[in-house]
Amino acid sequence: MAKRYAAVAITVNGIRLALKLGERLADTEVFCYAKYSENVQDNAGIGRAFAEPVKALLPKLFRQYEGLILFFSLGAAVRLIAPLLEDKRTDPAVIVIDERGEHVISMLSGHLGGANRLTRQVAQLLDSHPVITTASDVQGTFAVDLLGSEFGWRAESFAAMKTVSAALVNGEAVAFLQESGERGWLPPGAVLPEHVRLCGSMAELQEAPFSAAVVVTDRQLPEPEAAALGERTVVYHPRSLVLGLGCNRGTPLEELEAVVLGTLAELGLSLLSVRNAATAAVKGDEAGLLALCAKYGWELALFSPEELNTVALEQPSEIVFKATGAYGVCEPAALLSSGARDLVLKKKKSGNATIAIARVSFAETEGNKNE
């Protein structure tokens, strides 16, 4: 099984410390410079000796591992890593540790790559001092480019990310509107800055004076709204929609996909906010449904006839009951999977498919701590 992290050490003390970390940090492979590895004991069998120059080794590791942990000087690390950089959204986390283990430095991809989180974790394991220079972390607030990452929120575009992040850390007025999604997005221990205004509606946000804005919604913002917000707005789409789907046997992927995309467009909902699809257990082997979910990375929730029949329907179908043992498929499946009481879209039939949409019911107990 592939490891997540690669630790690289080139001195005797660095190798000993790297092996110590390898024993404590799961999914870590330790690369030890062969010249100084002969007398270093590796009881856990986690170390691999390398004889090539570290300059030749790092390019191989850079794209293979989620994070690199380098046990040598920061200056050397900068010179070696600089030619490998491509994009902050794809570059791995890189942290640097001095060979005495006194300081653990977040060097690259602090937010999106997870270097800041890894720095804190490693520092705790080695009883070292974490060194993090990212402004939002130092100020104890939230990072715009990590907003909702633990929930799977997806940014519609990264074009304004730098602008909005700069406004946040520099104390400019930032408007924040959340229409859907989890409420507990503020990191533990972080505080909401006074210059961030939480708005209750799009109308309030548009009337508020702001230098930048963040909108969290499962809607696809119509052109007038998008134009009014301008280019200093980051839009996040939480995974808050569940598609209840039913279909005749053998309905192809293309037809199901057209129904889904067309319906979302008609309702002004974002494809990025679909969390999963749901259907009857008897449809669990339906090739078109499985292909659709695979294409978009959705899980397919399956429910037995008994489960589906626990949901009261306005128009129970005897035809569906004869075929599946349930009086309805797409509506009860969407409600059961989402935990919602009401549907965003009641059953809509289109050709060989039916679709219903529900919005995920996020528990009240997850907190209104950001308000």
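Quick caveat: nothing in here was measured; it's all calculated off a predicted structure. Counting from 1, the numbers follow the sequence of the chain as shown.
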Review point. Does one side chain, of T310 or E307, offer a donor that lies under 3.5 Å from an acceptor on the other?
Key: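 Side-chain D/A pair, T310 to E307: absent.
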
Exercise for review: State, without any angle test, whether Q206 and E225 hold a side-chain donor-acceptor pair at a distance under 3.5 Å.
Suggested key: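 Note: Q206 and E225 side chains miss the donor-acceptor criterion.
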
Same cluster for [X] and [Y] if Ile/Leu/Val/Met/Phe/Trp/Tyr side chains link at under 4.5 Å?
X: W298; Y: L267; result: yes
X: V8; Y: L85; result: yes
X: L289; Y: V274; result: yes
X: V344; Y: L243; result: yes
X: L264; Y: L245; result: yes

What I'd like to find out is whether the side chain of [X] reaches to under 4.5 Å of the side chain of [Y], using heavy atoms alone.
X: L25; Y: L118; value: yes
X: I97; Y: H103; value: no
X: L68; Y: F62; value: yes
X: H237; Y: V235; value: yes
X: R219; Y: L221; value: yes
X: R16; Y: V12; value: yes
X: R275; Y: L241; value: no
X: L343; Y: L335; value: yes

Review point. What's the verdict on side chain to side chain contact (heavy atoms under 4.5 Å, CB included) for L70 and L58, showing C-alpha distance, side-chain angles and the deciding distance?
Key: CA-CA 10 Å; L70 309 180; L58 286 184; 4.0 Å; yes

Exercise for review: Give the C-alpha distance, both sets of side-chain angles, the deciding distance and a yes or no for side-chain hydrogen bond (donor to acceptor under 3.5 Å, both in side chains) between S165 and D145.
Suggested key: CA-CA 8 Å; S165 295; D145 55 357; 5.2 Å; no

Out of curiosity, [X] [atom1] to [Y] [atom2], how far, rounded to the nearest 0.5 Å?
X: H195; Y: S211; atom1: NE2; atom2: OG; value: 9.5 Å
X: N13; Y: E99; atom1: CG; atom2: CD; value: 4.5 Å
X: L17; Y: E102; atom1: CG; atom2: CD; value: 10.5 Å
X: I95; Y: S106; atom1: CD1; atom2: OG; value: 8.0 Å
X: L308; Y: L336; atom1: CG; atom2: CG; value: 6.5 Å
X: Y327; Y: K322; atom1: OH; atom2: NZ; value: 10.5 Å

Check your understanding: Does the pair Y5 and Y65 meet the rule for a ring-ring contact (aromatic ring centres under 6.0 Å, His included), with working shown?
Key -> CA-CA 6 Å; Y5 309 116; Y65 291 87; 8.8 Å; no

Exercise for review: Just do the side chain to side chain contact (heavy atoms under 4.5 Å, CB included) check on V260 and L292 with the steps written out, would you?
Suggested key: CA-CA 10 Å; V260 168; L292 177 69; 4.1 Å; yes

Review point. Strictly under 6.0 Å, is that where the ring centroids of F176 and W185 end up?
Key: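 Distance test on ring centres: under 6.0 Å, yes.
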
Verify, without hydrogens or angle tests, whether [X] (side chain) and [Y] (backbone) share a donor-acceptor contact under 3.5 angstrom.
X: T251; Y: N248; answer: yes
X: N170; Y: E172; answer: no
X: S350; Y: A353; answer: no
X: S337; Y: A333; answer: no
X: N309; Y: G325; answer: yes
X: Q178; Y: S180; answer: yes
X: R48; Y: F31; answer: no

Exercise for review: Carefully, step by step, assess E204 and S201 under the rule side-chain hydrogen bond (donor to acceptor under 3.5 Å, both in side chains).
Suggested key: CA-CA 5 Å; E204 181 184 345; S201 67; 4.6 Å; no

Check your understanding: Out of S273, S270, S240, which residue meets the side-chain hydrogen bond (donor to acceptor under 3.5 Å, both in side chains) rule with D218?
Key ->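 Of the listed options, the one satisfying the test is S240.
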
For [X] versus [Y], what's the shortest heavy-atom pair and its separation?
X: V164; Y: V234; answer: CG2-CG2, 3.6 Å
X: C330; Y: K347; answer: SG-CG, 3.5 Å
X: A278; Y: F303; answer: CB-CE1, 4.0 Å
X: M107; Y: V96; answer: SD-CG2, 3.6 Å
X: A291; Y: L253; answer: C-CD1, 4.0 Å
X: F362; Y: R239; answer: CZ-O, 4.1 Å

Any salt bridge between [X] and [Y], counting N to O under 4.0 Å?
X: K346; Y: E331; value: no
X: K348; Y: E266; value: yes
X: E179; Y: R359; value: no
X: E29; Y: K3; value: no

Is the number of heavy atoms from other residues, nucleotides or ligands within 6.0 Å of [atom1] ([X]) greater than 12?
X: E194; atom1: CD; answer: no
X: D127; atom1: CG; answer: no
X: K349; atom1: NZ; answer: yes
X: E150; atom1: CD; answer: yes
X: R79; atom1: CZ; answer: no

Exercise for review: Could you please spell out the steps behind the side chain to side chain contact (heavy atoms under 4.5 Å, CB included) verdict for R4 and T28?
Suggested key: CA-CA 6 Å; R4 295 176 63 190; T28 299; over 6 Å; no

Exercise for review: Determine the sole option in N352, T279, L256 for which the side-chain contact (heavy atoms from CB on, under 4.5 Å) test with C247 is passed.
Suggested key: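 The residue from N352, T279, L256 that satisfies side-chain contact (heavy atoms from CB on, under 4.5 Å) with C247 turns out to be L256.
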
Practice item. Determine, stepwise, if the pair L21 / F71 fulfils side chain to side chain contact (heavy atoms under 4.5 Å, CB included). Key: CA-CA 11 Å; L21 176 64; F71 287 83; 4.0 Å; yes

